[in-house]
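The structure under discussion appears below in the form of structure tokens.
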Amino acid sequence: QPAAPAESATEDPGAEMEPLTFGMVLVGPKNDRGWSQAHYEGGLFVENNLEGATMVVFESLNPGDKPEATLEGVVDDMVSQGASLVITTSDAFEEDTVGVAEKYPDVIFINSSGDDVLVGGAPTNLGNIMGQMVKMKYIAGCAAALATESGQIGYLGPLINTETRREASAAYLGARYCYENYQGNDPAELDFTVTWIGFWFNIPGVTLDPTEVVTSFFDSGADVVMSGIDTPEAIDGTGQRASRGDTVWASPYGHIDGCDNSPNVCLGSAFFNWGPAYLGTAQSVSDSSWTQAWDWNLPNWDDLTDLSTTAVGWNNGPGLTADMQANLDDFISKLASGELNLWTGPINLQDGSEYVADGEVATDNEIWYLPQLLEGMEGPSE
Amino acid sequence: MRIRTWIVRIWPLVPILAALLFTIGLLVLFGADPVEVFQAMWQGAFGTQDKTLSVVAFTIPLLLSSLGLLLTFTAGLWNIGIEGQIVMGAVAASWVALFMDATSPVLIAVEVILAMLAGALWAGVAGILKTRGGVHEIFGGLALNSLAIIFTNYLISGPWQPPEGGSFFGTVPFREISQLSRFADSRFAPFSLLVAMVALVMVFVALRGTTWGLKLKALGQNPRSAFLLGVSSERETILAMMFCGALAGLAGAVRVLSWYDNLKQNISGGIGYLALLVVMLAAYRTLWVPLIAFFFSAVLNGAITLQLRTQLHSSLGGILTGVMVLFVLLFGSSKALGIGKSSEDEALEPDTSEIES
Amino acid sequence: MNDSELILILASIILQAAPLMIAVCGETITERVGVVNLSLDGTMLMSAMTGFVVSLKTDSVWLGFLAGAAVGALFALIIAFGTIRLRQSQVAVGFVLTLLGDDLSAFLGQNFTHIPGPVVKFMPIPVLKDIPILGPLFFNHDMVVYFAFALVGLTWWWLFRTQPGLHLRGTGERPEAAFARGVNVNRVRYLYTLIGGALVGIAGAAYSLNVKIGWAEGHTRGLGWIALAIVIFGGWSPIRGAFGAILFGATKALATVLQRIFPEVSVVAFNSIPWLLMILVLLIVSSESTERIIAFLPRPLQRPLRHLLRAAPPMALGKIFGGK
Amino acid sequence: MRVEIRDIRKYFGSVKANDGITLTLEEGHIYGVLGENGAGKSTLMKILSGYQPPDSGEILLNGQPHTFDSPLSALKNGVGMLYQDPHDIPPFSIVDNFLLGRDKRLRLNYRAAESELKELSSKYGFALDIQAHVDSLSLGERQQLELVRLLAGGAEVLILDEPTTGISAEQKDVLFNSMRKLAREEGKILLLVSHKLEEVQELCDHAFILRRGKYVGEMEIPCPNEKLVEMMFGQVPPRSERPTFELGDPMLELRDVNISTYRLSVKNLNLSVRAGEIFGLAGLEGSGQRLLIQACAGLVRPESGQIILDGQDITSWSYHKTRAVNVAYVAAGRLEEGLVASLSLTEHVVLAQRETDFFVDWAASGQDAQSRIEHYQIVGRPDSTAEELSGGNQQRLLFGLLWNKLKLILLEHPTRGLDVRSTNYIWNLLYQRRQDGTAIIFISPDLDEIIERSDRIAVFSGGVMSRIVDAKTTSVKEIGHMIGGQL
Ligand SMILES: Nc1ncnc2c1ncn2[C@@H]1O[C@H](COP(=O)(O)OP(=O)(O)OP(=O)(O)O)[C@@H](O)[C@H]1O
Ligand SMILES: Nc1ncnc2c1ncn2[C@@H]1O[C@H](COP(=O)(O)OP(=O)(O)OP(=O)(O)O)[C@@H](O)[C@H]1O
Ligand SMILES: [Mg+2]
Ligand SMILES: [Mg+2]
């Protein structure tokens with residue numbers, strides 16, 4: 001442990017604020033260019049902006065990679081290293097987090113993307129944080145619709161659950177709107193196919209191989225692929241495809257620099273930015289003002305790439321042409337002003353049943369717990 | 001001559017040390033301080049009572065699988081399918097734990113029995129594929145491993161998914177009564193240790209003191225002769241596989257009933273493969289297996305703390321064990337290297353000097 | 001699905017099968033000379049990682065492939081030394097190397113995961129690529145694919161039409177006879193085990209540089225085992241093996257397509273198709289009952305069918321030379 | 001060409017295979033090399049042909065010392081050897097097999113090879129089907145193929161190690177004629193390693209005798225057999241007379257049995273063997289006699305017909321079921337199919353027991369093993385492994401493992417590679433078995449053995465079984481012709 005915190009504490013004007021050690025438990029590798037890396041960078045953001053804060057990281061905590069490790073064991077270690085805040089960054093850890101929260105009542109636990117607080121009955125030292133990725137998915141979907149010439153969009157889905165259904169559907173809503181209003185096409189003609197690989201990332205022999213799914217999207221006529229998985233196969237595959245002379249685009253997911261892998265085919269990436277939320281939590285924990293909450297955090301509409309404020313973001317890609325960009329900006333401003341709410345009825349589920357009645361607007365809960373994909377989307381719902 | 005016999009005696013340690021040196025070299029390469037590393041690993045394994053307990057707890061499924069493998073190895077079989085057999089055992093146990101209503105002892109009994117059955121059956125499939133279909137158990141096993149994991153994923157994302165929707169991460173936690181009672185809220189269930197010890201004794205006796213063990217040995221050395229001497233190759237092959245599968249299934253049950261408390265995807269995470277290494281490092285000697293299983297478990301658990309303390313990639317544990325087995329395999333027997341070769345040895349060994357040189 | 005789309009899909013299958021074809025050729029050579037290199041899965045992970053990192057640092061894919069080949073040869077050398085000189089079990093050494101390669105690649109490659117790097121240039125062959133069907137299928141690819149096909153042909157020719165090839169096969173079938181005819185059995189085994197390993201290494205690099213661009217932990221996990229199975233299915237012939245590789249690619253593509261056609265079926269179900277097929281295929285190749293079924297068919301059919309479906313491994317495969 | 005072998009020594013640990021052997025070979029002669037099992041014949045020949053280096057000693061060709069680092073270098077210097085088991089490659093086509101190791105050019109030149117093969121084989125009166133694969137050839141043809149290969153390689157000195165075991169009378173004549181031709185007309189030197197004095201007398205003009213690795217003398221042939229035998233064994237071993245025996249009721253009956261594999265099919269076998277009878281089956285390898293034995297043992301299923309043992313129908317029973325009703329099968333390959341190389345004698349005894357109880361009493365089994373070792377005069381300890389035993393001792397062990405009170409014993413090549421002493425011993429064991437009314441059926445490539453040991457004989461040729469002849473009235477010549485197909 002560095003000696004720094006001690007001094008910084010003395011220099012610190014805000015007196016009794018003692019240096020904070022916090023644990024960060026990742027479900028995947030900390031450099032997966034996606035979900036886990038975003039959390040990890042969120043942690044770094046805290047370290048850089050909170051005097052004396054130090055992060056203890058544990059990556060790839062899942063039975064497949066670490067049969068010998070358990071959340072409890074890891075948390076024991078973190079607490080023994082002085083952690084007073086532990087962030088578990090997957091709904092895989094929901095139950096276990098509740099468990100350790102009860103075991104360590106005076107340590108604060110954050111389970112990102114979990115919903116115990118929303119459901120109720122969670123221990124009082126446990127909170128949930130999630131960003132409203134759906135909003136960014138609207139944008140990603142819109143960008144896709146603006147780019148497509150064949151009218152076929154492929155969505156590379158991970159596994160099927162409420163969260164992934166929610167985000168795929170959001171992307172579809174955005175796409176349908178822009179396909180109709182900016183491209184002036186009949187939304188019924190938009191072909192939006194979701195293919196689920198079976199997990200958040202590629203597990204050879206067990207999931208579908210994302211690279212192959214991407215290829216088969218293009219082979220079957222799609223010219224835009226959106227990624228919903230943790231790793232960058234979509235953008236990589238698209239880049240390679242483009243290098244073979246096809247005009248194709250991709251929209252990666254999860255990390256702000258998602259475009260870097262091959263910029264010129266990239267429409268932009270929707271990403272999580274956990275920094276602000278985690279910083280807030282860390283501060284409130286260290287000045288012991290933290291209170292339990294279920295935070296579904298909003299983007300900063302004024303600047304979707306401002307890492308110090310926005311919870312989720314959209315980073316325009318080099319692949320966008322000028323007029324695509326113009327339309328997209330217009331769409332974003334509509335969303336920002338709230339003049340446009342894509343969850344306004346009539347919205348039907350994939351099986352044709354009505355979900356949001358004409359003129360109604362879906363509630364947060366309805367959006368969070370979306371039971372199926374929406375009408376007009378192709379691909380399995382269950 | 002003195003020195004030579006002396007070398008021969010301490011030789012077994014040489015590969016182990018070599019493996020350690022290799023790993024240290026790797027650490028230095030990545031700018032880590034070996035001392036700190038091994039301290040951290042020691043802490044992680046035996047620093048606190050909880051840690052020691054989880055080392056023990058993790059040892060048990062590993063030990064059970066290794067014991068099973070002793071049988072298949074003796075019969076000359078490479079039961080790589082053990083990974084899938086563990087998974088199927090876990091699935092069967094989970095099924096009972098999730099859906100059966102009974103008192104705790106009954107539940108546990110049924111869970112254990114079904115787990116063993118499931119593992120045995122899954123192994124039996126590989127066995128039959130070999131004896132009837134001529135499909136080598138390595139490939140049959142690999143396919144069955146993936147199928148088992150895919151099957152789990154189907155269950156936890158489909159029929160067995162938690163009410164709030166399948167997330168592929170696991171089923172709901174089992175009721176307390178359907179889990180093994182643990183020691184001092186650790187993950188170590190004394191019952192499982194008991195079972196493992198019984199298994200150890202049984203395997204030891206089976207291999208040393210029974211005609212069945214002898215049959216397996218004959219089968220492993222020369223199936224054709226064994227058959228003509230009255231050993232029913234098919235029966236014994238499948239039996240060996242199924243007994244191994246049963247123990248693996250048991251290991252799977254221990255995984256879900258005491259290590260975890262629900263069925264997760266890829267519940268085994270390579271314990272089966274690890275067990276193969278254990279048995280190889282033990283040079284197929286029954287009594288060494290428990291020690292080495294424990295050692296492996298300690299190394300891997302130590303690697304957790306290692307990662308937390310030093311942020312080093314936790315595959316280090318795997319590398320250390322892997323290199324160790326490789327070196328022992330290659331340089332383990334001083335005879336193969338021509339060191340301390342006694343004259344009888346030479347008489348028994350077919351002469352190939354003209355080709356060797 | 002119209003037929004132009006079908007051709008596209010087939011072309012992609014061929015592209016993705018190319019590295020597998022290379023690996024299969026490599027292992028076929030190794031096993032033909034009597035050595036089982038079971039470490040393919042670990043070897044390919046290591047070479048995929050090394051290949052990617054090297055080409056990233058040197059910004060040259062060719063050096064990447066070279067490095068991959070070197071790693072493959074190194075692993076093969078360990079196998080050869082351990083089993084030819086030290087007389088250890090080929091399966092044991094191979095299996096340990098498999099697991100070791102997996103962990104080692106994860107450790108050494110930890111700072112290079114999921115980052116962009118150089119890729120093999122697309123290189124359609126001018127005139128040929130415009131031939132109707134065949135053009136897009138075979139001549140609209142990159143060096144890796146062309147190399148794969150060339151390699152398959154070359155390997156076949158070398159094995160079955162040349163004097164060294166005869167030495168190679170003789171050594172794998174009956175080393176003592178080959179020795180009696182002046183073949184230096186162990187040198188030949190070292191040589192071809194290394195060559196085979198190098199090819200497997202190239203295959204690994206071909207994944208990280210061309211087919212599954214980039215590196216990540218366990219990037220090619222499982223494919224090595226698949227390659228080993230395909231060698232058997234290929235009856236130790238590079239050409240049959242190449243078909244096997246393409247067939248395998250096709251079933252995986254099928255799994256993807258089926259999900260779109262049957263959304264109601266559980267997504268996971270389709271992922272099991274390749275494995276079920278693997279079992280089935282191995283059954284056909286090695287099961288006695290296939291022999292009986294063939295025996296029922298009219299005589300003229302029997303020989304070609306046996307040739308197509310059945311296969312016996314080289315007689316001395318996995319055996320140590322010098323034993324009684 | 002003149003070959004001198006000077007003071008050759010080769011030790012295998014404790015075993016002195018060759019212990020200072022010196023011989024001289026002159027152009028145009030056919031030499032016999034005689035000696036009991038393990039005398040060191042094969043070892044010496046392997047050294048002369050460059051397969052093994054000697055520990056010490058030297059080989060001179062025309063006065064020049066030569067060291068052969070491989071069989072090929074020996075062949076280059078004109079020394080070629082035909083091994084006890086031909087060193088060819090069964091799965092190969094004949095041409096591939098012929099080409100392997102021949103021309104140095106990259107591309108294989110099949111046309112040239114084929115014509116050369118044809119030319120040479122016709123020259124020495126061999127009829128080889130160029131298109132066939134090696135594994136479809138009979139042992140005799142495989143030897144011919146090897147010979148052709150050696151001659152094409154320019155062999156001036158030809159070594160044949162026990163070439164006549166397992167080949168037909170015709171093939172033997174062809175072989176011997178070609179050998180004479182090679183020596184007399186082409187002035188080559190030939191060395192014949194054999195256990196069969198008759199052959200040596202028939203073919204050779206000079207014989208060397210080895211014993212326990214040492215050179216014990218040489219003889220001009222022809223000379224009385226007794227002298228040779230005396231030199232080989234030190235003293236003349238008692239010639240075992242076959243005790244006459246009163247045969248019992250039929251023990252085994254085959255009623256128009258048909259067996260077919262996709263290699264060979266044997267049609268309507270009818271045969272009745274009586275209790276205590278010894279029934280010999282002659283024929284080239286792969287003529288069907290082995291199928292018959294294996295059908296009786298339950299190792300192959302007959303297509304149709306009945307096999308009746310002591311009144312009980314055992315048609316298409318499994319091997320183990322058949323075994324349980326006291327039918328024993330002893331295969332040809334000892335360490336391949338019979339013994340487990342790395343298991344101890346005790347372990348073999350335990351495995352082979354009639355009914356095994358679940359737990360092993362090692363102490364008792366050890367004693368059991370020891371008593372068998374004594375009873376069957378096996379050179380070994382209860383804890384020595386099967387592979388440490390010598391060929392003959394392995395065979396003794398196999399017999400030591402047989403249950404007593406058997407109804408039927410099926411034997412393949414019961415005395416292959418054994419010297420007279422071991423052979424007699426084995427047969428005496430079998431004669432004793434008849435007392436229990438055990439019927440014995442055996443296959444042997446050695447016609448003398450068949451005629452000498454059997455009561456009745458059947459000959460197989462191309463899957464057809466001949467009429468059954470009486471051993472007392474038939475002759476090697478007659479059997480030889482029947483093997484040739486004149487049934
Ligand atoms: N590779 C070997 N390792 C150990 N001992 C050997 C080896 N080869 C031969 N021997 C021993 O050397 C002695 C001579 O063997 P060799 O085969 O030359 O006898 P032989 O005269 O050919 O006997 P046979 O008539 O049975 O063929 C035997 O005791 C044999 O066991
Ligand atoms: N490969 C081998 N490994 C170990 N020992 C061997 C080997 N070959 C031969 N021997 C030893 O050499 C001795 C003689 O072997 P060999 O098979 O030549 O017997 P033999 O002299 O032919 O006797 P027999 O007449 O019984 O065949 C055996 O007792 C055996 O211990
Ligand atoms: Mg012998
Ligand atoms: Mg001999």
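None of these values were measured; they are calculated from a predicted model.
Scanning all heavy atoms of the two residues, the minimum distance from D:Val379 to D:Leu389 falls at O-CD2, 3.2 Å.
Here the side chains of C:Val200 and C:Phe75 are not in contact, with every heavy-atom distance at 4.5 Å or above. Put simply, the side chain of C:Asn37 reaches to within 4.5 Å of the side chain of C:Leu40, judged on heavy atoms. Residues C:Arg310 and C:Thr290 have side chains in contact (heavy-atom distance under 4.5 Å, counting atoms from C-beta outward). Side-chain contact check for D:Leu158 versus D:Leu82: every heavy-atom pair is 4.5 Å or farther apart. Between D:Phe92 and C:Arg169, some side-chain heavy-atom pair lies under the 4.5 Å cut-off. Using a 4.5 Å heavy-atom threshold, the side chains of C:Leu317 and C:Val36 count as touching.
One distance of note links CZ of D:Arg301 with OG of D:Ser318; it measures 8.5 Å at 0.5 Å rounding.
For chain C, the nearby part of D:Arg149 is the side chain; its heavy atoms alone come within less than 4.5 Å.
Contacts between residues 152-165 of chain C and chain D, counted as heavy-atom pairs separated by less than 4.5 Å, involve C:Trp157, C:Trp158, C:Phe160, C:Arg161, C:Thr162, C:Gln163, C:Pro164. Residues of residues 235-247 of chain C placed with any heavy atom under 4.5 Å of a heavy atom in chain D are absent; none qualify. Residues of residues 18-35 of chain C lying under 4.5 angstrom from chain D, judged on non-hydrogen atoms, do not exist here.
A donor-acceptor contact under 3.5 angstrom links the side chains of D:Asp161 and D:Ser42, judged on distance only. Judged purely by distance below 3.5 Å, without hydrogens or angles, the side chains of D:Arg334 and D:Asn393 never pair a donor atom with an acceptor atom.
Interface check for chain C: of the options D:Gly153, D:Ala74, D:Pro71, the most heavy-atom pairs under 4.5 Å are formed by D:Pro71. Of the listed residues (C:Ala312, C:Ala177, C:Gly182), the greatest number of heavy-atom pairs within a distance under 4.5 Å of chain D belongs to C:Ala177.
Crowding of C:His307 atom NE2: a count of heavy atoms from other residues, nucleotides or ligands under 6.0 Å not exceeding 12.
C:Phe95 and C:Trp225 have tilted rings, their planes meeting at an angle from 30° to 60° on a 0 to 90° scale.
Residues C:Phe248 and C:Phe233 keep their aromatic ring centres 6.0 Å or farther apart.
With sequence neighbours excluded, the residues satisfying side-chain contact (heavy atoms from CB on, under 4.5 Å) with D:Arg105 are D:Asp103, D:Asn109.
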